[in-house]
Amino acid sequence: MKALPLRFNYEFSRVYRRAAFATGRYMTVHVFHRPKGLKHNNTRIPEDILRVGFCASKKQMGAVGRNKARRLMREAYRHLEPRIREGNDIVITLKCVDELPSYAEIRREMEVLLSRLKVLKAGACDDEKSVDQDREVLSEEHIT
RNA sequence: CCGACCGACCGAGGCAAUCGCGGGCACCAAGUGCGAAAGCCGGUGCGUGAGGAAAGUCCGGGCUUCACAGGACAAGGGUGCCGGGUAACGCCCGGUGAAGGUGACUUUAAGGAAAGUGCAACAGAAAAGAAAACCGCCCCAUUUGCUUCUCGAAGCGAAUGGAGCAAGGAUGAAAAGGCGAGGUAAGAGCUCACCGGCGGUAUGGAGACAUACCGGCCUUGUAAACCCCACCCGAAGCAACGUCGUGGAAGGCAACCGUGGUCCGCGGGCCUUAGGAGACGGCUUGAGCCUGAGGGCAACUUCAGGCCACAGAUAGAUGAUUGCAUUUAACAGAACCCGGCUUACCGGCCGUGUCGGAAAA
């Protein structure tokens, strides 16, 4: 199941106001478990989907830096998504930092923060293993 | 060869593999899916997907709605040498004047100061009408010192007072045209030559202007101070605007349902209107790009042929990992669209381009 983007300002504020959050060196993750039957403008939101929003501070970076940060976060999220429990609204905010962290750092920290918030599924190890296996397969292909 | 000047071009560094994203086309799926409606929600393949500044939002348009639908004036704002280009411009091209540079060349908010008003600090005697005099120059008068001799005169000074001057010094960003000669007690456009400025005439030029001659004898700077003159300008912006619009609002109800014995009434329901959320459109083919031939010094333009490869997202699509080669990368991300300007910037590359110097001939 693919995640939908969070769109409206009130949705973001709901997450910030009522969500559980965890903070790391580079980012803050807010997770809000949607109550059942929540509607947006008279249309029911399906209960088995994830919705996610990425934020980057406007202060230090220009539009290019902001885009880059969002892309890195989205890429990290894409790899972690199958392991996240459905029915949550998530907002991930990048902190003000001097230098943009690398993809590996972002991914590691995102994983830690999400597990601290207990939104990762129980049998997540298998997925991770499969991802690693994929990577190994890839590298083997290149060697040969 | 060295040092410059001018102009143009390129720029997410390239390639490959895997995973992933936006939108286009083709094909395949199409559901008791979600919605009141409009509409939204898949898979595979193929090709495609940020810039020279996308930026600042400083000008000029297109487009859209509103206003006026005629003209004049005023207010407010803008522009400001001349001619041309353009859809238009405060932009561009070509020229004129001025300033700078040995030069190639560069810069130029460049209308009017004789319509009027204001301002010109400090310094300075005096800073805007013709006045003023600190040092100074010159003449006269009085007093006095020295020298000379024919012994009461001459010469050279000094002090005080009076009259004249604006050459020199000094002040200043700027001191009332400049410089030389005549002139004079000393001086002064007082007179004259040349130069500058102003006015007039003639010639050349499309014009800004240029050149020549004549005249009187001269009038500071500032209009990125008010102002005057000429010309131009309706307002707001894609969150414009259009379509669909549950709820809520306003109006209506002959018929329907509930309440009721019946009517009125009330509630539901239905119809109409504008329309807040929201959805979709607007949204990319355009003053377009390329080639050739004319016109023009050029900006640009005319004609002919060819091309749709040249993004269209909507919380906002370009990323990640790995490998390769000698491989490092600035400023920076479309948001309705064009034409400019301005600002930021790693480097590279080009020109039978031009100038100065050196060397050689």
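Please read these numbers as outputs of a predicted model, since none were measured by experiment.
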Peer 1: Under 4.0 Å from OP1 or OP2 of B:A317: is there any side-chain N or O of A:Arg74 that close?
Peer 2: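 True: A:Arg74 side-chain N/O within range (under 4.0 Å) of B:A317 OP1/OP2.
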Peer 1: Could you tell me how far apart A:Lys68 (NZ) and B:C21 (C1') are, to the nearest whole angstrom?
Peer 2: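 Rounded to whole Å, this separation is 15 Å.
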Peer 1: Is there, by distance only and without an angle test, a donor paired with an acceptor across the side chain of A:Arg66 and the base of B:G316 below 3.5 Å?
Peer 2: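 Per atom types, no contact qualifies.
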Peer 1: Taking A:Glu109 for its side chain and A:Arg25 for its backbone only, find out whether a donor-acceptor pair lies under 3.5 Å.
Peer 2: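 Yes, the answer is positive, given that a donor and an acceptor are paired below the 3.5 Å cut-off.
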Peer 1: The criterion is side-chain hydrogen bond (donor to acceptor under 3.5 Å, both in side chains); which residues satisfy it with A:Glu105, sequence neighbours excluded?
Peer 2: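 Only A:Tyr26, A:Ser102 meet the side-chain hydrogen bond (donor to acceptor under 3.5 Å, both in side chains) criterion with A:Glu105.
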Peer 1: Can you name the side-chain contact (heavy atoms from CB on, under 4.5 Å) partners of A:Phe21, sequence neighbours left out?
Peer 2: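 With sequence neighbours excluded, A:Phe21 shows a side-chain contact (heavy atoms from CB on, under 4.5 Å) to A:Thr23, A:Thr28, A:His30, given in chain and number order.
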Peer 1: Which base sits across from B:A26 as a Watson-Crick or G-U pair, both distances under 3.5 Å?
Peer 2: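 B:U44 is the nucleotide pairing with B:A26.
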Peer 1: Rounded to the nearest 0.5 Å, how far apart are CG of A:Leu114 and CD1 of A:Ile92?
Peer 2: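 So the CG of A:Leu114 and the CD1 of A:Ile92 are separated by 6.0 Å.
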Peer 1: Taking CD1 from A:Ile106 and P from B:G319, how many angstroms apart are they, rounded to a whole number?
Peer 2: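 Atom CD1 in A:Ile106 sits about 14 Å away from atom P in B:G319.
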Peer 1: Please report, rounded to the nearest Å, how far the P atom of B:A320 is from the CD atom of A:Glu81.
Peer 2: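 Interatomic distance, CD of A:Glu81 to P of B:A320: 19 Å.
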Peer 1: Using the C1' atom as the point on both nucleotides, what is the distance between B:C10 and B:U285, in whole Å?
Peer 2: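 Each nucleotide's C1' atom is 27 Å from the other's.
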Peer 1: When the P atoms of B:A120 and B:U102 are considered, how many whole Å apart are they?
Peer 2: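 40 Å, rounded to whole Å.
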